[in-house]
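Here is the structure we will look at, set down as structure tokens.
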Amino acid sequence: MDKLQFKPKSRWREFIGEKFIALSALSALVAIFLIFAFIFKESIPIFTDPDIKEEASVDKMVFKQEFYEGREAKWSWQPNSEVPKYSLLPLFIGTIKAALIAMLFAVPLGVGAAVYSAEFASRRMREFIKPIIELLAGIPSVVLGFLALIVLATFLQKTFGFVFRLNTINAGIALGLAVIPIVFTVAEDAMTSVPKSLRDAALALGANPWQVSMTVVLPAALPGIAAGIVLGFGRAIGETMIVLMASGNAAIISASFTDSIRTISATIAAELAEVVFGSAHYSVLFFLGTLLFVFTFFINLGGDYILGRLKIKFQGRMK
Amino acid sequence: MINPTVTETAAPAAEIPLAFKPKKGGYIPKGLTLLSVIIITVILAVILYNIVFGGIGIISVDFLTHPPEQGMEAGGIFPAIFGTVALVILMTIAVVPIGVLTAIYLQEFTSPDSRITRLIRLAINNLAGVPSIVFGLFGLGFFIGFVGRGMDLLFTDGSGPVWAQPAIIWASLTLAVLTLPVVIVATEEALRTIPPEIKDASYALGATKLQTIIRVILPQATPGILTGAILAVSRGAGEVAPIMFTGAAYYLPYLPGKLNDQFMELGYHIYVMATQSPDVEKTKPILYGTVLVLLVLTFMLNFLAVILRSKIRSKRVNA
Amino acid sequence: MPEEETVLEEENMVENEKKSPVQNETIPDKIKPDKDDGAKTKIIVSNLDFYYGDSQALFRVSLNIEENKVFALIGPSGCGKSTFLRTLNRMNDTIPGTRLSGTVLLDGEDIYKVRDVSAVRTRVGMVFQKSNPFPKSIFENVAYGLKVNGITNKDLIAEQVENTLKKAYLWEEVKDKLNNNAYLLSGGQQQRLCIARALAIRPEVVLMDEPASALDPISTSKIEDLIAELKKDYTIVIVTHNMQQAARVSDNTAFFYEGVMIEAGPTNKIFTKPDKKKTEDYITGRFG
């Protein structure tokens, strides 16, 4: 039998191909690094440039300022006024207030639906719930913002008689709608990945399904549910279009949830388009972006860490 | 009870009768969690009802094929549809190859426990959690401020910015970075379903790793890659914050024809009409129509992805 | 007595490890099966150790495999016979964390010193336990090996596909549906397609890892007939857990136990009067 004449394989092509794939795989790593580097880079003048420090130093962003001689010192965000004011406190408070309402709204609904789906729902019911959540997750945030601005705000004002049409509650509820899918997905995933052997052990001892849920599944999946809430909080802090459209964008310090608010993300979105390139205002907005990035970065890191530990725990037990 | 000799020799203690309580069925928690599901479902139904009935009236061929008129109070949304499609096509061209190569690297070249894999995975998870407004800042700082300005310095006579300005290429690249995790995760899922025996067969016939990837693995993973691309498009088409400063325009009298043109986009169009219009009541029908078009677009894409994914999963079960 | 026997075995093993390489050289000759009929030796394995990470799977295996004969590897599951088979075409290279020492000579050339692994695999083909056709057409399955090895002549490929399918006695069954997906074939047909696929690049040696274990008796006997036919042109090494099958198809047999090659020789000798007690126990069904 004759041997077939094969072409020897190109060692170079193989080598270059593999290196090319390995290099592409670094893309996500490079992206994260570049995002931080380039956002932080634009905010550096706040720390170094004397002119910009004069206008917006870290001190001025953090502490009470006496903006006009003789008047009471206060925290104020008014970058476009004659005396630019860059106190971050009103923005922080606004961001936290919106996220708080969002979480109050989203956690009971998201976790509740997740518990139902993982513990009580029949197979058919689950096949109904999942697409519902996926549909909700698929609604672009600009659409949620639009609905909060046009429909929800009017409805809430008519029902509860709010003074300000666009307020924290309005923005927070719309924000909550964007958070529900995250909380649901992560929490449900944690509960369904509780090993079957654990459930079986409890069932074999005569526990009914509800007792199994309460005494075995929920405690085991609790870190996962917590991770879902943490990741949802991260989303609520960073979400932009909803709060930009539905919150009223007034940078005031107030404890009331019926007042308007201005969040960090909405401030960047609203002001960056009109800002002078390289000005103090420009640097401060990038600084806000850096804060947002760093904050969500650690939130995600924390959430991932919890979920990673949980996965190891469950898979370790299954062996 | 474990050691029979002990029970025999021990003083015959009278066994305490165990009075088991009859079990309660846990109807209240079941009812409460079911209520969460019902509330979410009702909210979703109200949202969809509101948008569909608010927008269906204005949808017509003319609406879809004509530009806005009279300061957006009349006419259609064709430029925004065109811009959105052009944007996501460019984005897909950029994100799919890199996302697929990353997934191949993670699945075929490294072990899941290696340090580099874990680092890349960490980056992917974090990238998915970066707030979209931060991507906007990144696009402005990196693509326009760094890449664009660098191109201007190298390729133009310096008479004015050609690349260092908001443009469709920069907006689509920004969205490509944002959707990278979506493509990677979907492709990885598809790669995991490929039976290792098939790869063995290829190697045993003298195929190299690169040949096996190109001829066996990639064709098998195509539905998964397609799913990832569709999900990325659906996500990208709904994002507004990342394109606000990187290329989207309020209104353009022409369609984008070059990579450095600006463009109109559905989500941004909604934002602009809802917040900047002098008379929202007058633009409301058009606004609702635009929301409906955007929603139908993203839902159709998501639906397609869900079908494709369930096909892939059922294949894995059969294999 | 049996206990003493195993102890002796172990001592031998330990001694083997201590012995100098020069003394080890003699081992392949000593166990060389069927020296008398003048058959040419195709593969010489000497002192092969194999590790998955830290655990050793093969211990000092030495074996000669003759050209145009069927060589069967038998033993209880987990004894290392499949691992050994995969060392003969370096398929274990694809598993990360594996290590090997010793030599495998193919026509006198150490395959682990060849830089291009795929060149080894084009000479030593493989058929797997579970039929694993590509999700491509029947034609493309058989043509795959030709294409990845740089053959572009369409007529040559078509001719070779037809010849190979005929050789695997599959041609009559599939000639009208060459463009159908291979998954539409029955299990037995799929496995014969996989054999045809391996034969298409005209290897010199064909390794078969329990090729019939997942098949019904009729398909199995077709595969066994095919093996008998193929040995005219190829050297065949087959792993099987089925001793009747080994007895039916093979000329020589080696018995593996816990990573050690206990005994090798002409099949009829191994099955009728083995030298080692362990082999006899296995053959007679006392364990495994």
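Computed from a predicted model, the values in this text were never measured in an experiment. Each chain gets a letter, A, B and so on, in the order the sequences are listed, and its residues count up from 1.
For the atom pair OG of C/Ser118 and NZ of B/Lys209, the computed distance is 13.5 Å after rounding to the nearest 0.5 Å. Atoms CG and CG, from C/Asn149 and B/Leu205 in turn, are 8.0 Å apart once rounded to the nearest 0.5 Å.
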task: Show your working on side chain to side chain contact (heavy atoms under 4.5 Å, CB included) between B/Arg215 and C/Lys147 and close with a plain yes or no.
output: CA-CA 10 Å; B/Arg215 289 168 180 267; C/Lys147 288 184 176 172; 3.6 Å; yes

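In terms of heavy-atom proximity, C/Phe128 sits nearest to B/Ala201 at CE1-CA, 3.7 Å. Nearest heavy atoms, C/Tyr144 versus B/Thr212: OH-CA, 3.9 Å. Listed here is the closest heavy atom pair of B/Ala204 and C/Met126: CB-CB, 3.9 Å.
Salt bridge annotation for B/Asp200-C/Lys130: absent, with no cationic side-chain nitrogen under 4.0 angstrom from a carboxylate oxygen.
Between chain B and the residues C/Arg90, C/Met91, C/Gln129, the most heavy-atom pairs under 4.5 angstrom are made by C/Met91.
Contacts between C/Arg197 and chain B at a heavy-atom distance below 4.5 Å involve backbone atoms as well as side-chain atoms. If you measure heavy-atom distances from C/Lys136 to chain B, the contacts under 4.5 Å come from the side chain alone.
Atom CG of C/Asp54 sits in a sparse spot, with 12 or fewer heavy atoms from other residues, nucleotides or ligands closer than 6.0 Å. Under a cut-off of 6.0 angstrom, the local environment of CZ in B/Phe146 is sparse, with at most 12 non-hydrogen atoms contributed by other residues, nucleotides or ligands. The environment of CZ in B/Phe303 is sparse: at most 12 heavy-atom neighbours from other residues, nucleotides or ligands sit within 6.0 Å.
In this structure, the side chains of C/Pro135 and B/Ile198 come closer than 4.5 Å at one or more pairs of heavy atoms.
A donor-acceptor pair is defined here as one N or O able to donate and one able to accept, closer than 3.5 Å; no such pair exists between the side chain of C/Asn132 and the backbone of B/Ser202.
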